[in-house]
There are 2 protein chains.
Amino acid sequence: MRQEDIDRVRALRLFRDVADETFETLLRASFLQRFPRGLTLIRESEPADFLHVVIEGAVEMFAAGNGRETTISLVHPIGAFILAAVLKDQVNLQSARTLEPSQILMIPAVSVRQAMERDPAFMSAIVAELATGYRTVVKDLKNQKLRTGAERLANWLLRQEKERGAGGKVEIDVEKRTLAALLGMTPENLSRALATLKQHGVAVRGAQIEINERDRLVRFAHPDPLIDDYDI
Amino acid sequence: MRQEDIDRVRALRLFRDVADETFETLLRASFLQRFPRGLTLIRESEPADFLHVVIEGAVEMFAAGNGRETTISLVHPIGAFILAAVLKDQVNLQSARTLEPSQILMIPAVSVRQAMERDPAFMSAIVAELATGYRTVVKDLKNQKLRTGAERLANWLLRQEKERGAGGKVEIDVEKRTLAALLGMTPENLSRALATLKQHGVAVRGAQIEINERDRLVRFAHPDPLIDDYDI
DNA sequence: CGTGGGGTTGATACAGTTCAAGATACGTGG
DNA sequence: CCACGTATCTTGAACTGTATCAACCCCACG
């Protein structure tokens, strides 16, 4: 593992303030692995043996049921997943697959739980991480229950623009089918939702989106800090 | 506060293993209050000043947006709510109102955070509580995204029967409008969903439900432990 | 070139909401 | 104790939102 990557992991909120010893112990027990695109890393209903940290690439968290399948979230570098299952020593509620060739740090669940018991700073960081994650899912649930598909898309675009966009330009950097599943709709419906947004200040050319009239899109989307702001 | 109630709070997973001193400090700083039915205890977007524990009665957690409103969860004795907001010293993402005359223990947020810093056992309990809560919301999200309204109702009935029911009899112990909001549908739709279930082994008389042919209902509901089991 | 996967578009069906009216239950005051 | 008024629940009809199925387009890749 390159020192640069180690530093980036160390900078994660989860590890930032832990003792050097804790961090080194965790790292020594871990595996850094490369995976090709499209590989299923973990499967729901299987035990959570490792805490996963995405160093490079992108991972899709998804769940199946009733013959249907839906995406719960996307994890980008540097982000961790299935922390809750690891802590509870329980089975995964979600599956995970790589969306791109990815580099994943796998920390044994036992090590995580031991480190937590030994290092109060680590436990404290875990509390913060869990509380944030909890609130994120509550926001997702509100998003799903209170909005139509087109509204979810509009707000997703506005958030992308704020976080990553430049001058009203947003690129959809995942397959549209994946975005559709994340937004809780079918790919067909996403196409139509994008078409709808053309009447609300948005220009669409493939995966390149341009928000020409931000205020009109905002009027349609009704963004709500209690759903759309990450840092609340 | 009656000793009996104190003991019941002490028995909560959140407090079970904390030091006596921690528990007493928290209690001394707290208020125990009675509220009439229908009172809004906390409002979303307002700061989370107290951790709330339902001693008696019932509380509905809900959220508004887009002119719509939806129920996130119901809290019964003995259960705590808005822990995550309290820990992050942030605003509430949900509002709370009493569904019945209720008795609520209000623990100042500052006290909770201080106690957490001082008592590792308390922090450890908080980690468990947050991890469980996180997984509960993920299940709710899957429930919402992977199932139709009638399926959610069917699975809700099956769970009620398992937890509280006797011999296939289930009583809907909240207003149906509230249940509808919890299940993510309109009251009209809940009526129709109940009517639908009559074709799948269920008898309905007002709020009294009877599951006559459990296997038929199960065949319709497709229950999934990764969504419907509380203890996973 | 063909071939295949992702994406779009159209037609149709289903799920869910809305609005309106009627039925039922329930608390209150006479 | 009954009658009334009110809120909840149910039912019906029309409408919106979403899914499904099928055809077609487009581009990347062998």
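Since the model is a prediction, treat every value here as computed from it, not as a measurement. In what follows, chains are A, B, ... by sequence order, proteins preceding strands, each numbered from 1.
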Any donor-acceptor N/O pair under 3.5 Å between D:dG12 base and B:R192 side chain: yes
Rounded distance (Å) that lies between atom P of D:dT10 and atom CG of B:L153: 11 Å
B:T186 side-chain N/O to C:dT17 phosphate OP1/OP2 under 4.0 Å: yes
A:L183 CG - D:dG17 C1' separation (whole Å): 15 Å
Nucleotide nearest B:T148 when distance is taken to its side chain, options C:dA15, C:dT17, D:dT20: C:dA15
Between P of C:dG6 and CG of A:L99, the distance in whole Å: 12 Å
Between C:dG7 (C1') and A:R177 (CZ): distance, integer Å: 10 Å
Below 4.0 Å: OP1/OP2 of D:dT11 and any side-chain N or O of B:S191: no
Parallel, tilted or perpendicular, as decided by the 30° and 60° cut-offs, for the rings of B:F50 and B:F31: perpendicular
From CD (B:E44) to CE (B:M61), nearest 0.5 Å: 9.5 Å
Distance test, side-chain N/O of A:N189 to OP1/OP2 of D:dA19, below 4.0 Å: yes
Euclidean distance, atom CD of residue B:E69 to atom C1' of C:dT18 [Å, nearest integer]: 17 Å
Option among B:K142, B:R159, B:K139, B:R147 that satisfies the salt bridge (Lys or Arg N to Asp or Glu O under 4.0 Å) test with B:D228: B:R147
Nucleotide nearest B:K176 when distance is taken to its side chain, options D:dC9, C:dC19, C:dG7: D:dC9
Atom-pair distance (CZ on B:R37; C1' on C:dG27), nearest Å: 12 Å
Atom-to-atom span, CZ of B:R68 to C1' of C:dT17 - whole angstrom: 10 Å
Protein-nucleotide distance (A:M185, atom CE; C:dG16, atom C1'), rounded to Å: 16 Å
B:E188 side-chain proximity, nearest of C:dT9, C:dA20, D:dT8: C:dA20
Residues B:R37 and B:E100 bridged, charged N to O under 4.0 Å: no
Base D:dG17 paired with A:R147 side chain (donor-acceptor, <3.5 Å): no
Residue pair B:R13 / B:T132, side-chain heavy-atom distance below 4.5 Å: yes
Touch class at under 4.0 angstrom, heavy-atom based, for B:G206 against every strand present: nothing
